[in-house]
Amino acid sequence: EVQLVESGGGLVQAGGSLRLSCVASGFSFDDYAIGWFRQAPGKEREGVSCITTDGKTYLANSVEGRFTISSDDAQNTVFLHLNSLRPEDTGVYYCAGKYIAAGWGTCGPATYEYDWWGQGTQVTVSS
């Protein structure tokens with residue numbers, strides 16, 4: 001059974017930084033992707049970034065130049081580095097997982113593509 005556990009959220013002032021972690025376990029095959037999503041109160045969940053096991057990445061325009069994604073394969077962990085945070089970045093951040101085709105699979109921001117979800121971690125940015 002695939003399990004995803006997020007951590008690293010918190011309260012930070014505008015301009016500050018956080019590092020979110022997503023520890024993945026239970027994948028039966030080596031080719032999968034981990035995505036990061038966020039949901040602000042009253043808004044739909046939106047895709048922020050994702051990374052595949054062979055290193056392909058996606059980053060939403062709204063966070064380009066401020067957020068980065070990385071992975072530590074030895075720890076089965078994907079990190080989302082949040083820099084230059086703004087109040088509009090506030091929300092619950094979720095990581096999600098899906099299998100991809102070996103060698104050519106990609107990832108993106110569509111929530112329906114992901115099969116497993118973590119419980120979320122709250123990020124609050126004060127102005």
Engineer: If we only count heavy atoms from C-beta on, is the Leu20 to Thr121 side-chain gap below 4.5 Å?
Structural biologist: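 The answer is yes; the side chains approach within 4.5 Å.
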
Engineer: Is there a side-chain contact between Arg45 and Trp117 in this structure, where contact means two heavy atoms from C-beta onward sitting under 4.5 Å apart?
Structural biologist: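 Heavy-atom side-chain distance check passes, below 4.5 Å.
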
Engineer: Compare all side-chain heavy atoms of Leu82 with those of Tyr93 and state whether any distance is below 4.5 angstrom.
Structural biologist: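 Yes, side chains in contact.
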
Engineer: Hey, are the side chains of Gln119 and Glu6 touching, using non-hydrogen atoms and a 4.5 Å cut-off?
Structural biologist: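 Sidechains of Glu6 and Gln119: in contact.
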
Engineer: What pair of heavy atoms forms the shortest contact from Ala40 to Thr90, and how long is it?
Structural biologist: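 Of all heavy-atom pairs spanning Ala40 and Thr90, the closest is CB-O, 3.7 Å.
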
Engineer: Using the test salt bridge (charged side-chain N to carboxylate O under 4.0 Å, His left out), find all partners of Glu113 that sit at least two apart in sequence or belong to another chain.
Structural biologist: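 Salt bridge (charged side-chain N to carboxylate O under 4.0 Å, His left out) check on Glu113 returns Lys98.
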
Engineer: For Gly120 versus Val92, what's the shortest heavy-atom pair and its separation?
Structural biologist: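 Of all heavy-atom pairs spanning Gly120 and Val92, the closest is CA-CG1, 3.8 Å.
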
Engineer: Is any side-chain heavy atom of Tyr114 closer than 4.5 Å to one of Cys107?
Structural biologist: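 A side-chain contact exists here, since the closest heavy-atom pair is under 4.5 Å.
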
Engineer: Heavy atoms only: give me the nearest Cys50-Gly35 pair and the separation to one decimal.
Structural biologist: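 Looks like CB-CA, 3.6 Å.
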
Engineer: Is it true that Ser70 and His81 share a donor-acceptor pair across their side chains at a distance under 3.5 Å?
Structural biologist: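 Yes, side-chain donor-acceptor contact under 3.5 Å.
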
Engineer: Kindly determine whether Val123 and Leu18 satisfy side-chain contact (heavy atoms from CB on, under 4.5 Å), including the steps that lead there.
Structural biologist: CA-CA 9 Å; Val123 171; Leu18 286 172; 3.9 Å; yes

Engineer: Could you work out, with salt bridge (charged side-chain N to carboxylate O under 4.0 Å, His left out) as the rule, every residue matching Arg86, not counting sequence neighbours?
Structural biologist: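 Listed in chain order: nothing, the list is empty.
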
Engineer: Is the shortest side-chain heavy-atom distance between Leu4 and Val23 below 4.5 Å?
Structural biologist: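 No. Closest side-chain heavy atoms not under 4.5 Å.
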
Engineer: Can you check side-chain contact (heavy atoms from CB on, under 4.5 Å) on Asp89 and Arg66, steps first, answer last?
Structural biologist: CA-CA 11 Å; Asp89 295 317; Arg66 301 187 299 120; 2.7 Å; yes

Engineer: Step through it carefully: locate the ring centre of Phe37, locate the ring centre of Tyr94, and say whether they are under 6.0 Å apart.
Structural biologist: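 No, they do not, as the ring centres are separated by 6.0 Å or more.
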
Engineer: Between Val63 and Arg38, is a side-chain contact (heavy atoms from CB on, under 4.5 Å) present by the stated rule, with each step listed?
Structural biologist: CA-CA 12 Å; Val63 301; Arg38 66 185 180 187; 4.0 Å; yes

Engineer: Do the side-chain N and O atoms of Ser62 and Glu64 include a donor-acceptor pair separated by under 3.5 angstrom?
Structural biologist: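 Not at all, the side chains of Ser62 and Glu64 share no donor-acceptor pair under 3.5 Å.
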
Engineer: Counting the benzene-type ring for Trp, do Tyr58 and Trp36 have ring centres under 6.0 Å apart?
Structural biologist: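 Distance test on ring centres: not under 6.0 Å, no.
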
Engineer: Under the salt bridge (charged side-chain N to carboxylate O under 4.0 Å, His left out) rule, collect the residues that match up with Asp72, sequence neighbours excluded.
Structural biologist: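 Expected list: none.
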
Engineer: Hey, can you tell me if Tyr99 and Phe27 have their rings parallel, tilted or perpendicular (30° and 60° cut-offs)?
Structural biologist: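 The rings of Tyr99 and Phe27 stand perpendicular, inter-plane angle above 60°.
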
Engineer: Between Gln122 and Thr124, does a side-chain hydrogen bond (donor to acceptor under 3.5 Å, both in side chains) hold up when you go through it step by step?
Structural biologist: CA-CA 6 Å; Gln122 176 71 45; Thr124 303; 3.3 Å; yes

Engineer: Look at the side-chain heavy atoms of Ile, Leu, Val, Met, Phe, Trp and Tyr, link any pair under 4.5 Å apart, and say whether Ile100 and Val78 land in one connected group.
Structural biologist: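 Unlinked, Ile100 and Val78 end up in two clusters.
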
Engineer: Let's go through Leu80 and Val48 carefully: what are the C-alpha distance in whole Å and the side-chain angles of both, what is the deciding distance for side-chain contact (heavy atoms from CB on, under 4.5 Å) to 0.1 Å, and is it a yes or a no?
Structural biologist: CA-CA 9 Å; Leu80 186 66; Val48 176; 4.3 Å; yes

Engineer: Give a yes or no on whether the backbone of Thr106 and the side-chain of Thr52 come within a donor-acceptor separation of less than 3.5 Å.
Structural biologist: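 Here the side-chain-to-backbone pair does not exist.
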
Engineer: Spell out, as yes or no, whether a donor-acceptor pair under 3.5 Å connects the side chain of Gln3 to the backbone of Ala24.
Structural biologist: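 No, the answer is negative, given that no donor and acceptor are paired below the 3.5 Å cut-off.
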
Engineer: Hydrophobic clusters here meaning ILVMFWY residues chained together by side-chain heavy-atom distances under 4.5 Å, can you tell me if Tyr32 and Trp116 are in one?
Structural biologist: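 Yes; Trp116 is reachable from Tyr32 via cluster members.
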
Engineer: Determine whether Ile34 and Ser71 make a side-chain contact, defined as any pair of heavy atoms from C-beta on separated by less than 4.5 Å.
Structural biologist: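 With C-beta onward as the side chain, the pair stays apart.
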
